[in-house]
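Following: one structure in structure tokens, then a few remarks.
A note on names: the letters A, B, ... follow the listed sequences, proteins ahead of strands, and every chain is numbered from 1. This is a predicted model, so every value here is computed, not measured. Side-chain atoms are counted along with the backbone in the values below, which use heavy atoms only and exclude waters and symmetry mates.
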Amino acid sequence: MLVKLPNGQEQRVSTESNRPVEWFSEENYLFELSKLREKLRDWLKSGPVIRPLRHYNLVKSWLDQELIDLSISRPRARLSWGIPVPGDSSQTIYVWLDALLNYMTVAKHSQSKMNIWPPSVHVIGKDILKFHGIYWPAFLLAAGLEPPKSLLVHGHWLVDDQKMSKTTGNVVSPQSCINLVTATGLRYFLMHEGVPASDGNFSMKRMVRIANSDLADGIGNLVSRCCGKSLNPLQTRLGVSPSSFESCGTPGSDLLSLLERTPDIVHDEYQKWNFYKGIDQVMALVRGANGFFQTMEPWKLKKEGQLDQLNATMAVTLETARVVGTLLQPIVPSYSERLLDKLGVPQENRSWDFARLRWTTTETALGSQQAVLFPRIKFD
RNA sequence: GGCGGCGUAGCUCAGCUGGUCAGAGCGGGGAUCUCAUAAGUCCCAGGUCGGAGGUUCGAGUCCUCCCGCCGCCA
């Protein structure tokens, strides 16, 4: 864009960096991107390659036009650091070509267990869509290699609807967020509030509120209610059977219904990268469990000596907590680990197969850890 | 200029394939409980579904125009 200098002259500057720009010409090697348009189109059509759909459409519209060949080298005279062009040491490979190969280097060679090229999903920010939706797949296709099977393109975090910038002074430091709410709290907030197709609005206040409400209060308190020695002196988790729910009447059958349908819905939302919707479903289940517990009033059942119903109530609630912990593993792994540890769930029983109600007669000892999964954060 | 996306309660969103003229969470107000991370539960208030017109028995949902925001191309 054109800006006016103090001396009255006008200067063109970059719209992003505000640094002066000028015309010049030089010789470079070019990558024949123009010859790859059809291959890129074929890749785009091969499935839900780019999501959300708006970004897929954007790349599609770029491929509706001719592609211009891409400069991929610079004269060594002004770019001495880097990989020399094979057979012509007067030119250096431009960094934005070879840098992308780091994805492949890590994926293919770091550990034998992880030879996973092409990746099933590559997560990127929307600002680098052209590189990852056009150039990178083109380089790979030209080399006879497979591009990623899909790209998940997410929006940006704004602050009060404004881009973060040093100039505006509204930059949010991830480390300061972690210091305040822990990595778990930050992750939870980002996944809870992140709608892939649109930019999010970041707020420290809102982050604390959401982390507290869900991780400390909703789930953390529920687990505390069940695991406390007051209601659970033997510190065990009893098995659940259909009669566990039946003996709790309507509240039991209502919770059973919720518990049965939630995992599939969550799975479908996760598959579509709609983590925020999946989290909504999980939290609805948590609220259902708290409501069930409140209705059953196990502290009264204990006083009255109704041990069968007390046991059923505890078993049902703890089974629900187990499912919740399993469902939330992709969202908040270490929090879920603590939860599942507290419930005495073996490591081999934490995969997705166990992210649903399971009938069992097995009695499991609770972990001896402190039951505070997520301390409430003081703020304001 | 052309094309595309978005606009639903204070905030974040769902609903968007026409049918209880709208829901959830957070926030706010009130009540209640004490097993529990002062948590839980219940109740209430909050909505011109950007605006106008149209189609239809019926529109937040379909069509047209306008307003605002964002993006791509030129």
Side-chain angles (χ1 to χ4, degrees), chain A residues 15 52-68 125-127 129-130 133-134 153 155-163 185 188-233 251 265 269 272 274-304 306 310 313-314 317-318 321 335 338-339 342 369-380:
Chain A
T15 57
L53 195 59
R54 69 187 292 189
H55 299 296
Y56 173 93
N57 289 336
L58 186 53
V59 174
K60 186 170 177 290
S61 75
W62 287 338
L63 293 177
D64 285 341
Q65 305 161 68
E66 295 294 331
L67 296 175
I68 298 170
K126 67 181 185 181
D127 54 324
L129 176 58
K130 193 160 226 176
I134 300 284
V153 188
H156 290 170
W157 286 99
L158 312 176
V159 174
D160 293 327
D161 290 312
Q162 290 181 340
K163 278 187 176 185
Y188 188 76
F189 172 79
L190 296 177
M191 302 300 267
H192 184 283
E193 293 289 280
V195 179
S198 56
D199 294 338
N201 255 314
F202 184 87
S203 157
M204 282 290 193
K205 189 180 197 179
R206 189 165 168 76
M207 176 173 67
V208 171
R209 275 177 172 170
I210 284 167
N212 276 340
S213 177
D214 291 3
L215 302 181
D217 299 348
I219 303 170
N221 185 52
L222 178 67
V223 171
S224 185
R225 289 171 109 175
C226 298
C227 295
K229 286 177 178 168
S230 179
L231 289 182
N232 195 338
I265 302 172
E269 296 298 359
K272 292 182 273 185
N274 288 327
F275 300 110
Y276 71 107
K277 287 184 174 181
I279 290 167
D280 272 359
Q281 294 295 323
V282 175
M283 286 313 302
L285 180 55
V286 170
R287 283 189 288 278
N290 269 305
F292 164 82
F293 204 83
Q294 190 71 22
T295 302
M296 296 306 297
E297 295 182 310
W299 54 93
K300 284 186 177 177
L301 295 176
K302 189 187 178 190
K303 276 183 186 175
E304 294 161 3
Q306 299 187 43
L310 171 61
T313 297
M314 299 299 287
T317 309
L318 283 164
Y335 178 91
R338 291 198 293 281
L339 198 168
K342 181 62 189 175
Q369 306 89 335
Q370 189 185 21
V372 177
L373 295 174
F374 189 87
R376 264 193 137 259
I377 290 136
K378 309 316 192 251
F379 191 67
D380 260 342

Expected list for residues 288-297 of chain A near RNA chain B, using heavy atoms below 4.0 Å, is A/Asn290, A/Gly291, A/Phe293, A/Gln294
Side chain of A/Arg287 - closest among B/A36, B/A24, B/C73 = B/A24
Taking atom P of B/A36 as reference, at what distance in whole Å does atom CG of A/Leu318 sit?
-> 15 Å
Using atom CG of A/Asp214 as one end and atom P of B/A24 as the other, report the distance to the nearest whole Å.
-> 16 Å
So, is B/G18 syn or anti if syn means the angle is within 90° of 0?
-> anti
Between A/Arg376 and B/A38, does any side-chain N or O lie under 4.0 Å from OP1 or OP2?
-> no
Rounded to the nearest angstrom, tell me the gap between atom NZ in A/Lys302 and atom C1' in B/C33.
-> 18 Å
Could you state the NZ-C1' distance from A/Lys277 to B/C13, rounded to the nearest angstrom?
-> 9 Å
Spacing of A/Ile68 atom CD1 relative to B/C73 atom C1', expressed in whole Å = 12 Å
Keeping to residues at least two apart or across chains, list the salt bridge (Lys or Arg N to Asp or Glu O under 4.0 Å) pairs with something in residues 210-230 of chain A.
-> A/Asp217-A/Arg376
Which of the following nucleotides, B/U12, B/A38, B/G71, is nearest to the side chain of A/Leu58?
-> B/G71
Separation of A/Phe189 atom CZ from B/C13 atom P, in whole Å?
-> 10 Å
With sequence neighbours excluded, tell me which residues meet ring pair (Phe, Tyr, Trp, His ring centres under 6.0 Å) with A/Phe275.
-> A/Tyr270
Is A/Asp199 paired with A/Lys163 through a side-chain N to carboxylate O contact shorter than 4.0 Å?
-> no
Salt bridge (Lys or Arg N to Asp or Glu O under 4.0 Å) contacts touching residues 290-299 of chain A (sequence neighbours left out) | A/Glu297-A/Lys300
Does A/Thr317 use its side chain to pair, donor to acceptor, with the backbone of A/Thr313 at less than 3.5 Å?
-> yes
Nearest listed nucleotide, side chain of A/Arg209, among B/G40, B/C26, B/A39 = B/C26
Which heavy atom in A/Lys342 sits nearest to a heavy atom in A/Gln369, and how many Å separate them?
-> NZ-O, 2.9 Å
Among B/C73, B/U12, B/G40, the one nearest A/Asp217 by side-chain distance = B/G40
Taking only the side-chain heavy atoms of A/Arg206 (C-beta and beyond), determine which of B/G25, B/C72, B/C33 contains the nearest atom.
-> B/G25
Using atom CG of A/Asp199 as one end and atom C1' of B/U12 as the other, report the distance to the nearest whole Å.
-> 14 Å
State which of B/C73, B/A36, B/U37 makes the closest approach to the side chain of A/Arg225.
-> B/A36
When you look for runs of 3 or more Watson-Crick or G-U pairs in a row, both distances below 3.5 Å, which of them include RNA chain B?
-> B:1-7 with B:67-73, B:10-13 with B:23-26, B:28-32 with B:40-44, B:50-54 with B:62-66
Does a nitrogen or oxygen in the side chain of A/Asn57 sit under 4.0 Å from OP1 or OP2 of B/C72?
-> no
Between B/C72, B/A39, B/U37, spot the one nearest the side chain of A/Ser61, thanks.
-> B/C72
Can you name the ring pair (Phe, Tyr, Trp, His ring centres under 6.0 Å) partners of A/Tyr188, sequence neighbours left out?
-> A/His192
Closest of B/C73, B/C35, B/U12 to the A/Ser230 side chain is B/C35
Closest to side chain of A/Glu193, choosing from B/C73, B/U12, B/U37 = B/U12
Which heavy atom in A/Phe293 sits nearest to a heavy atom in A/Met314, and how many Å separate them?
-> CE1-SD, 4.0 Å
